[in-house]
Amino acid sequence: MIEAEELGFCKKGEGGPFVAAGETDIGGRIPINTDGGLLSVGHPFGGTGVRQGLEIMRQLQGRAISRLKAPRQVLPIT
């Protein structure tokens, strides 16, 4: 939520309602963490950066289609 505010996707202090309204869901206006983020993989020690790099690679190669709103039209940010 804080990152959505800091990146300017919503106004400061409105991150909670922004997320609760589904704006960051796969079908939302600004999909965020469509792979579930670090919590979905247990935040493994030492593997976090590798996992993020692999997710970016999959998105850029078009292999993460189920997690992208518009393939190849979205820049992954990690």
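Separation of atoms CD1 (Ile32) and CD1 (Ile26) is listed at 12.5 Å; rounding is to 0.5 Å. Once rounded to the nearest 0.5 Å, the distance linking CG of Leu54 with CD of Gln61 reads 9.5 Å. For the atom pair Phe9 CZ and Thr24 OG1, the distance stands at 10.5 Å (nearest 0.5 Å). Atoms CG and CD, on Asp25 and Glu23 in that order, are 9.0 Å from each other to the nearest 0.5 Å.
Residues that satisfy the side-chain contact (heavy atoms from CB on, under 4.5 Å) test with Lys11, not counting sequence neighbours, are Glu14. Residues satisfying the side-chain contact (heavy atoms from CB on, under 4.5 Å) test with Glu5, not counting sequence neighbours, are Cys10, Lys12.
Both Val50 and Met57 belong to a common hydrophobic cluster when Ile, Leu, Val, Met, Phe, Trp and Tyr are linked at side-chain heavy-atom distances under 4.5 angstrom.
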